[in-house]
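Before any comments, here is the structure.
Note that these values count all heavy atoms, side chains included, but never hydrogens, waters or copies made by symmetry. All figures in this text were calculated on a predicted structure; none of them were measured in a lab.
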Number of protein chains: 2
Amino acid sequence: MKIGELAQVAQCTVETVRYYEKEGLLSAPARTRANHRSYGECHVERLRFIRNCRALDMTHAEIHTLLGLMDQSAADCGGVNQLLDEHIAHVDVRMAELSQLKQQLSELRQRCQSEQTMDACGILQGLASMETGPRHERQTHLG
Amino acid sequence: MKIGELAQVAQCTVETVRYYEKEGLLSAPARTRANHRSYGECHVERLRFIRNCRALDMTHAEIHTLLGLMDQSAADCGGVNQLLDEHIAHVDVRMAELSQLKQQLSELRQRCQSEQTMDACGILQGLASMETGPRHERQTHLG
DNA sequence: GTTGACCCTATAGGAACTTTAGGGTGTGCA
DNA sequence: TGCACACCCTAAAGTTCCTATAGGGTCAAC
Ligand SMILES: [Zn+2]
Ligand SMILES: [Zn+2]
Ligand SMILES: [Zn+2]
Ligand SMILES: [Zn+2]
């Protein structure tokens with residue numbers, strides 16, 4: 001199976017597949033005489049797994065950890081469960097941040113109900129006079 | 001006023017100030033004989049404005065547009081109001097996405113209630129068998 | 001005259017890709 | 001046989017908003 005077919009069944013681009021290989025998420029496949037990558041069924045499964053993790057907004061580091069845990073089939077799945085809990089916490093943090101942001105933006109929006117002159121626009125006044133503290137570090141990988 | 005003082009009153013780093021100048025958000029100031037940047041009160045105001053916009057997660061492109069609108073003091077503020085509405089929509093979109101994500105993750109988490117063997121872990125089974133469609137284009141700049 | 005705090009430019013890195021440049025391979029068709 | 005065309009290859013740069021580093025210059029105090 002060539003890279004284009006693999007990409008098609010996994011719903012991503014060939015560039016993405018090559019990128020995952022470079023990042024060490026997908027192992028390097030055999031090559032044909034023409035130096036083309038040749039994939040098997042286990043690559044399909046692994047790539048689908050990775051794409052599903054990405055669809056859930058996990059980082060490459062999280063996915064890498066997960067793949068590592070999975071490959072220790074003798075161990076129990078406690079680490080997997082924990083990783084998922086932590087990732088859910090990332091989502092919760094970002095939802096709370098966005099919720100507060102939305103609140104601030106809504107309040108700002110209310111300060112100009114109709115089209116004013118620039119000088120009278122409550123939004124511009126608000127943006128000029130807000131007192132923003134030092135920027136807080138990002139708590140989560142979700143932007 | 002030197003760059004270090006400006007950065008301090010605007011709660012950011014000198015590197016950030018220089019970066020904004022390079023990006024065209026902050027106009028290049030006069031220089032001293034020693035080639036050091038020398039800022040006035042209008043730079044303070046503009047930088048604070050920019051930082052406040054960033055605190056509200058606007059992109060540089062959005063801020064650039066906003067600054068352009070502001071500088072046309074003859075016009076009315078309709079464009080400003082519209083830009084803010086659009087940015088609020090960006091936040092709404094991302095909140096909805098995260099909400100759905102959280103839902104999916106919670107369902108997945110429920111598939112493994114105690115520590116199983118890897119093979120039996122419902123989370124890993126779920127991640128292997130999810131049917132993720134082609135990734136949807138990002139609708140918003142908020143990650 | 002030397003320490004130290006500040007300033008300068010230019011460049012690289014981070015995340016997760018996408019895009020581009022510049023080529024090689026293999027198959028169908030006239 | 002010749003050639004178009006779809007596919008494959010690598011390497012490098014672009015995306016966003018900064019941060020960090022390297023390698024230097026300037027200025028006041030002690
Ligand atoms: Zn996470
Ligand atoms: Zn207005
Ligand atoms: Zn926006
Ligand atoms: Zn489990």
Side-chain angles (χ1 to χ4, degrees), chain A residues 1-26 28-39 43 47 50-65 87 90 94 132 134-143, chain B residues 1-26 28-39 43 47 50-65 87 90 94 132 134-143:
Chain A
M1 173 177 241
K2 290 204 253 180
I3 195 169
E5 301 169 68
L6 176 62
Q8 200 166 18
V9 303
Q11 307 265 38
C12 67
T13 67
V14 297
E15 289 80 13
T16 300
V17 177
R18 284 196 283 248
Y19 174 66
Y20 288 168
E21 180 183 327
K22 204 172 60 178
E23 289 293 285
L25 286 178
L26 204 54
R31 299 289 183 124
T32 65
R33 281 194 314 284
N35 196 32
H36 291 183
R37 289 171 180 82
S38 176
Y39 295 97
H43 289 102
L47 180 54
I50 295 168
R51 291 307 296 173
N52 286 339
C53 289
R54 287 294 301 135
L56 298 173
D57 262 356
M58 292 184 204
T59 62
H60 282 194
E62 285 170 330
I63 298 169
H64 201 87
T65 302
H87 182 59
H90 299 158
R94 186 56 177 157
T132 305
R135 203 137 145 85
H136 53 298
E137 303 261 320
R138 169 153 295 174
Q139 321 259 7
T140 165
H141 58 85
L142 298 160
Chain B
M1 173 176 240
K2 290 203 253 180
I3 196 171
E5 302 169 68
L6 176 63
Q8 200 167 19
V9 304
Q11 305 267 38
C12 68
T13 68
V14 298
E15 289 81 14
T16 300
V17 176
R18 284 196 283 247
Y19 175 66
Y20 287 170
E21 179 183 328
K22 204 172 61 179
E23 290 292 286
L25 287 179
L26 204 54
R31 298 286 182 128
T32 64
R33 284 192 312 285
N35 197 32
H36 292 182
R37 289 170 179 82
S38 177
Y39 295 97
H43 289 101
L47 179 54
I50 295 168
R51 293 304 297 172
N52 287 338
C53 290
R54 287 294 300 133
L56 297 173
D57 263 356
M58 291 184 203
T59 62
H60 282 194
E62 286 170 329
I63 298 169
H64 201 87
T65 303
H87 183 58
H90 298 158
R94 187 55 178 157
T132 305
R135 72 215 172 287
H136 50 300
E137 302 263 318
R138 171 148 290 177
Q139 320 258 10
T140 164
H141 58 83
L142 298 161

### Task
Let me know the distance between CG of A:Leu26 and C1' of C:dA16, rounded to the nearest Å.
15 Å
#### Entry: Nearest-angstrom distance from the residue atom CD1 of A:Ile3 to C1' of D:dA6
15 Å
### Query
Which of the following nucleotides, D:dC9, C:dC8, D:dC18, is nearest to the side chain of B:Arg31?
C:dC8
### Query
Within the structure shown, what part of the strands sits under 4.0 Å from A:Thr13 by heavy-atom distance: base, sugar-phosphate, or nothing?
sugar-phosphate
### Query
How many Å lie between CZ on A:Arg33 and P on C:dG24, as a whole number?
19 Å
### Query
Within the pair B:Thr32 and D:dT26, is there a side-chain N or O less than 4.0 Å away from OP1 or OP2?
no
### Query
Atom CZ of B:Arg18 to atom P of C:dC8: distance rounded to whole Å?
5 Å
### Message
Does D:dC17 have its OP1 or OP2 closer than 4.0 Å to a side-chain nitrogen or oxygen of B:Thr16?
### Response
no
### Message
Below the 4.0 Å mark, does C:dC17 have OP1 or OP2 next to a side-chain nitrogen or oxygen of A:Arg51?
### Response
yes
#### Entry: Backbone of B:Met1 reached by a side-chain donor or acceptor of B:His43 within 3.5 Å
no
### Task
Please state whether the phosphate of C:dC8, meaning OP1 or OP2, lies under 4.0 angstrom from any side-chain nitrogen or oxygen of B:Arg37.
yes
### 5′-ward residue of the pair B:Thr59/B:His36 relative to DNA chain D
B:Thr59
### Whether over 12 other heavy atoms sit under 6.0 Å from B:His64 NE2
no
### Query
For A:Gln8, does the CD atom have more than 12 heavy-atom neighbours from other residues, nucleotides or ligands under 6.0 Å away?
no
### Message
Closest approach to the side chain of A:Glu15, judged atom by atom: which nucleotide of C:dT19, C:dC8, C:dC17 is it?
### Response
C:dT19
### Query
Quick one: A:His60 NE2 to C:dG14 C1', roughly how many Å, whole number?
13 Å
### Message
For B:Leu25 versus B:Ile50, what's the shortest heavy-atom pair and its separation?
### Response
O-CD1, 3.6 Å
### Whole-Å distance separating the CG atom of A:Asp57 from the P atom of C:dA15
15 Å
### From D:dT26, C:dC17, C:dT9, nucleotide with atom closest to B:Ala34 side chain
D:dT26
### Query
Rounded to whole angstrom units, what separation is found between the CZ atom of B:Arg138 and the P atom of D:dT15?
17 Å
### Task
Check for a donor-acceptor pair, side chain of B:His90 on one end and backbone N or O of B:Asp57 on the other, with a separation under 3.5 Å.
no
### Task
Quickly work out the A:Tyr19 OH to D:dA11 C1' distance and round it to whole Å.
15 Å
### Summary
Comparing nearest nucleotides in DNA chain D, the 5'-proximal residue of the pair A:Val14, B:Lys22 is A:Val14
### Task
Scan B:His141 against the nucleic acid and name what it touches under 4.0 Å (heavy atoms): base, sugar-phosphate only, or nothing.
nothing
